[in-house]
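Step one of this worksheet: look at the structure below.
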Amino acid sequence: MDEQVYDPQAIQAKWQPRWEELKPFAVVEDDADPRPRRYMLDMFPYPSGDLHMGHAEVFAIGDVVARYWFLKGYNVLHPIGWDSFGLPAENAAIKRNAHPAEWTYGNIDTQAASFQRYAISFDWTRRLHTSDAEYYKWNQWLFTRFFERGLAYRKGGLVNWCPNDQTVLANEQVVAGKCERCGADVIRRELTQWYFKITEYADRLVDDMARLEGGWPDRVLTMQRNWIGRSTGADVEFEIEGRKDPVTVYTTRPDTLYGATFFVVAADAPLAAEIVTEEQRPALEAYRAEVAKLSDIERMSTEKEKTGVFLGVHAINPVNGERIPVWAADYVLADYGHGAIMAVPAHDQRDLDFALKFDLPVKVVVHTGMADPGETGKATPGEGKLVNSGPLDGLSKAEAIEKIVEILAGRGTGKATVNFRLRDWLLSRQRFWGTPIPIIHCGECGEVPVPDKDLPVVLPDLRGEALAPKGVSPLASATDWVNVPCPSCGGPAKRDTDTMDTFVDSSWYFLRYLDPKYDDGPFDVAKAEKWGPIDQYVGGVEHAVLHLLYSRFFTKVLYDMGMITWDEPFLRLLNQGQVINGGKAMSKTLGNGVDLGVQIDNFGVDAVRLTMVFAGPPEDDIDWADVSPAASLKFLARALRVMTDASGAGTDFAAGDLELRKVVHRTIDEVTKLVETHRFNVAVARLMELTSAARKAIDSGPGAADPAVREAAEALAVMLSIVAPYTAEEGWERLGHQPSVARATWPVADPALLVQDSVTAVVQVAGKVRDRLEVSPDISDTDLEALALSSEKVKAHLDGAPRKVIVRAPKLVNIVP
RNA sequence: GGGGUUGUAGCCCAAUUGGCAGAGGCACAUGACUUAGGAUCAUGCCAGCGCGGGUUCGAGUCCCGCCAACCCCA
C-alpha cells in the first residue's frame, strides 16, 4: 500500500508550494481583529553561508512556540530578516575581488530558500536586511538623534585594537584579551573614536532587570549585572606633593583609608606622565611601552607577576597626613574609576602582591582574626573591627564607611559615590561593510550631522583590493565621496569615514519588522504600541551581554524620546543550547561538523526538527552523537500511519471508546501544559504515547472505525504540527480536512474525561510498599486508613497496634509500626 | 580565587514539586512476520538517583559538606 509508505521528500515537495500559496502565517493588520496579539522573535541570522545545525535548533524551538500561539488563536507576528553587515562579507570580497553585497545577498537567498524548506512559520512579507540602504538610513537617523541628545560623542583615548582585522573593538567584543571574531591578541591604541553614552543608562539597565526576573534565565541576568558591575564606594581626594590640584581616587573600601601605604596611578594614564620626576621619566616611558602590549585581562590577572615604576613623588593621606609613595603600575586601569587608586596592601591581594614585590609597608587596619598579611602573603579582605584608624577604631565595616564618608565630606575631600565597570560603547569601525557615520567634519563648524533630508549616506562603490585593511577606513580612499560641502556653512568639509559597529543594526531591528518599508521614521510608532514589546525572544546565550544589553539601551533611549511606551524590549527570553558533536563544538578545524542539508536529505525536515525538539530541554546542548534522526523518522511514519488508518473512523466523538478518549484528553491536557512551560521534549514523548495508544486501539481494541480513533488522530495531527508540520499537514488532509492544519484550533481537554474512576493507593509499612489498593479518587483519609489497616498483606507486617499512621488520600498510606 | 548551572539504567532524558524511582527514545536481547531485514510488530534486560552527613513517618526532590563537568567573572 503505497499511501502507507512514509516518504518525507515527497510530502515536502507536495506541501511546500501549497503553503507558499496559502500563506497561513501572513499577519493581517486589522484593528478590528479581536484576537490578542503576540510577538515572537528569533535572533536574526548572519548570512555566512547556508543554514547550519545551530540554526536548525534555534528556529525549530522558536517555531514550536510560534505555531502553538497561532493554533491557540493569537494574532502572531513572527518575522525574519538578516543581520547582513559585517566583516566576513568584506573578507570574502577582498579574496574574490568582488563587492561584499554579492557574497552577502547570495547567501541570504540560499538561507531564505532553506528556511522555506525548513517550514518555519515566518511572515515573509516583513523580511529585512540591515545592509539595505533603506534599513541603514535609519541607523543614521537614530545616530543623529543620539548625537543631538549628547548620547553619541567622539573622544580620544586608549582603545582595543585588533591587529588582524585592523579595526577597533568594543570592550564587549574583547574576550579574554582576544578579538571575539578572529581570535587575535587585542592591543591598546590611542585613537579618537565615536561612542554611545550607554553609561548614562547604567543605573536603569541594572534596576530594570528586576522586572525581567522570571522571564529571562537567571544566569543571563547575573551576567549582565556582573558586566555592568555597579559598586558603591567613595571618591577620596589625595594631595600630590608638587601638584596644585588634588587627585581623586575611587575605592569600594573607604573604611581602610588609614591602611593606605602607597598610591598607584595607571601607567598609561596622563597623570603618570604629568607628575613623574625628570629622573624617573625614562623608566616610566620604557614601562609604558611594555604595558601597551598587554590586554586588560592580562593586566588585572592575579596570576601575573606585579610590575611598576616609582614616580619619584609622594601623596598625602588626607586622614592622617602620612606621606605615601606614588607608583605607576599596570594593574590599575586608566579608564576605570579615575585611573588611580589608594593601595591598602593588608586588605587587597593585588596591592599586597605589589607591596611585597617592591618592599612597601603593610599596615593592618581591619582585625579579621586572620594572620598578619605581611607575614603570610595573603590579604584579609573580610570584615572585622577597625584598628589603627583613629576615629574609626572599633567600628564595623559598614559603620566605618559611613563615618569616614562623613568626615571626608565635612572637609570637602571626598564623598560617597557609585561606580560602574561598564564603559561607553565604542561604535566606530575602520571597515567598509557597515553603516557610514552620518557626520561631516568642517574646519569651521566642527562635527556637523548630515541633515535628515540627505539621508541615507550611501556607501561608495568599493570592491576587492580597495577594501583591504590598512588601519584607516577604506571609505577614506573614496575621495569623491569624502569631500563634501559643509551642510552648515557650505565650505569644504569631509565626511566621517568610519562605519558603525554592526551591533547598532541589531539593537532595534525588532521595531523595523513592524513595517520594513515604513518611510516616515525608523518604525511605525502606532504599530510599536500595538505589537511591542516582544513576548518571546529565542536565541543563543552568547549574546547575554552584547546584543541584549545594547538592545535594552536602545529601547530605553527610544522610550525617552517618546517613540515607544515600553522600556524593556524582550519580556521573555529563551536561550537554546548548542548543537555539538562527540562532546565538542562542531567546527571546520575539528572536522566534526554535521551538514544540515545532508540530514534533511536523509531523514526529511520533520525528522530533523523533531530530533532537535526531542533531544532534551531546549536550553541544554544537543550532542548529535546522542540523538537519532532515524528514530524520529520512524515515529513520524507511525504517526502518519495512525492518521491514515483513522481516516475512515466515525465523527461522533462522544460515542467513541471511553478508555482511548481518556488517553486523548489527558494527553491534550499534559501537552498543553508542557508546551506552555517549554518542556517540548516531554511534550513529544506524550505524543508518542498517544500514537501508541491509538495504534493499539486500531489493531487490538475497538478498531479503526471507532470515533475515538479519529479524535486521537486529529488531536495528534494538530499537536504534532508545531514540531513536524509536513507530516501533520499530510495526515490532516488524509483525515479529510482542508489545509492548512496551521489554521486549525489547538484541542481543548474535556475536564469530564480527565477524572479517573479509581486510583491505586500505595500502602507502606515503615516506608516499604506492602500492598496496593484500588480506591475511589475522592476517598476520605479515614476510609483509606481503615482499608489499609484491614489488608492482610499489611497485617502480616504489623506486630500489634501501629505507632503512627500517615494518610495522604487517595494515593498513600504509611504505617509506622 | 568568587559566582552560577548540572549530576537518575550502557547512552539521551522523565518523575504530579516531600509520597510506588521510569514516561518517551537510543542501544542490546528474544520472538513473530519474512527470500531477506539495517523494514514492521510484540516482549524483555538494565539504575536505587555523583559521594558523605542531616531534617522527616517518608528525600532524586529540602539543608550542610565534598567531588566532577560546564558556563560566567577574576
Side-chain angles (χ1 to χ4, degrees), chain A residues 1 4-6 175-177 217-229 296-304 331 349-350 378-379 381-382 421 540-542 544-545 575 577-578 580 582-585 610-611 613-635 637-638 641 663 666-667 669-671 673-674 677 679-693 695-696 698-700 754 756 759-773 802-817:
Chain A
M1 287 200 279
Q4 299 250 355
V5 175
Y6 180 75
V175 178
D218 287 342
R219 60 178 179 147
V220 173
L221 295 175
T222 304
M223 280 161 72
Q224 284 211 8
R225 283 196 188 97
N226 290 342
W227 187 264
I228 297 168
D296 283 3
I297 302 287
E298 288 168 321
R299 288 174 58 161
M300 292 190 295
S301 166
T302 48
E303 310 293 311
K304 183 180 161 292
Y331 77 97
Q349 190 61 46
R350 289 167 310 172
K378 283 196 196 311
R421 184 181 170 279
V541 72
E542 66 273 17
V545 285
N575 286 133
Q578 307 279 303
I580 59 179
K584 291 196 172 79
L610 180 72
T611 303
V613 172
F614 184 54
E619 55 278 0
D620 284 7
D621 287 346
I622 297 173
D623 193 330
W624 202 249
D626 292 334
V627 297
S628 170
S632 299
L633 180 58
K634 206 163 90 178
F635 163 66
R638 277 163 53 84
R641 221 174 299 126
V663 172
R666 201 162 57 234
T667 304
D669 183 55
E670 288 185 17
V671 170
K673 287 173 182 157
L674 290 164
T677 52
R679 286 137 79 209
F680 310 124
N681 56 323
V682 189
V684 169
R686 295 293 169 264
L687 294 180
M688 289 174 171
E689 289 177 81
L690 177 61
T691 304
S692 295
R695 180 80 260 154
K696 275 206 179 78
I698 292 166
D699 293 344
S700 55
L754 297 177
Q756 291 169 294
V759 294
T760 307
V762 172
V763 185
Q764 300 175 329
V765 178
K768 286 203 163 100
V769 180
R770 297 303 184 186
D771 199 7
R772 292 161 206 279
L773 307 167
R803 275 202 297 142
K804 192 172 180 183
V805 182
I806 291 100
V807 188
R808 292 286 178 274
K811 290 193 298 192
L812 177 132
V813 179
N814 188 17
I815 301 164
V816 187

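Naming: A, B, ... by sequence-line order, numbering from 1 per chain.
In terms of position on RNA chain B, the residue among A/Thr222 and A/Ile806 whose nearest nucleotide sits closer to the 5' end is A/Thr222. RNA chain B is contacted by both A/Asn814 and A/Val684; A/Val684 maps to the nucleotide lying nearer its 5′ end (nearest heavy atom per residue).
Between A/Arg638 and A/Met688 the shortest side-chain heavy-atom distance does not fall below 4.5 Å. Residues A/Arg770 and A/Val763 are not in side-chain contact: their nearest non-hydrogen atoms beyond the backbone lie 4.5 Å or more apart.
The structure places OG1 of A/Thr691 at 9.5 Å from CD of A/Glu689, a figure rounded to the nearest 0.5 Å. Atoms CH2 and CD1, on A/Trp624 and A/Ile580 in that order, are 12.5 Å from each other to the nearest 0.5 Å.
Separating the P atom of B/rG65 from that of B/rA29 is a span of 46 Å, rounded to the nearest Å. Here, B/rG58 and B/rC11 have their P atoms 31 Å apart, quoted to the whole Å. Comparing B/rG4 with B/rG44, their P atoms are spaced 45 Å from each other, to the whole Å. Nucleotides B/rA21 and B/rA59 have their C1' atoms positioned 12 Å apart, rounded to a whole Å. The same atom, C1', is picked in B/rU34 and in B/rC41; the two are 12 Å apart, to the nearest Å. One P atom belongs to B/rC26, the other to B/rA42, and the distance between them is 12 Å to the nearest Å. Only the C1' atoms considered, B/rG31 is 49 Å distant from B/rC66, to the nearest whole Å. For the P atom pair drawn from B/rG52 and B/rG37, the interatomic distance equals 47 Å after rounding to whole Å.
The interatomic distance linking A/Leu812 (CG) with B/rA59 (C1') rounds to 14 Å, in whole Å. Rounded to an integer number of Å, the gap from CD of A/Gln349 to P of B/rA74 is 17 Å. One atom, CD of A/Gln764, and another, P of B/rA21, lie 7 Å apart when rounded to the nearest Å.
Glycosidic conformation at B/rU17 (O4'-C1'-N9-C4 for purines, O4'-C1'-N1-C2 for pyrimidines): syn, within 90° of 0. More than 90° away from 0 lies the glycosidic angle of B/rG24, which makes this nucleotide anti.
Across all strands shown, B/rC57 pairs with B/rG19; the Watson-Crick or G-U wobble distances both stay below 3.5 Å.
Listed by chain and number, the residues in a salt bridge (charged side-chain N to carboxylate O under 4.0 Å, His left out) with A/Asp621 amount to none (sequence neighbours excluded).
Side-chain nitrogen and oxygen atoms of A/Arg350 include none within less than 4.0 Å of the OP1 or OP2 phosphate oxygen of B/rA74. Taking side-chain N and O atoms only, A/Arg638 has a distance below 4.0 Å to OP1 or OP2 of B/rC41.
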Quiz prompt | Under 4.0 Å protein heavy-atom contacts per nucleotide of nucleotides 10-17 of chain B, with B for base, S for backbone only and - for none | solution = -SSSSSB-
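Contact of A/Arg219 with B/rG4 (side chain to base): no donor-acceptor pair of N or O atoms is detected under 3.5 Å.
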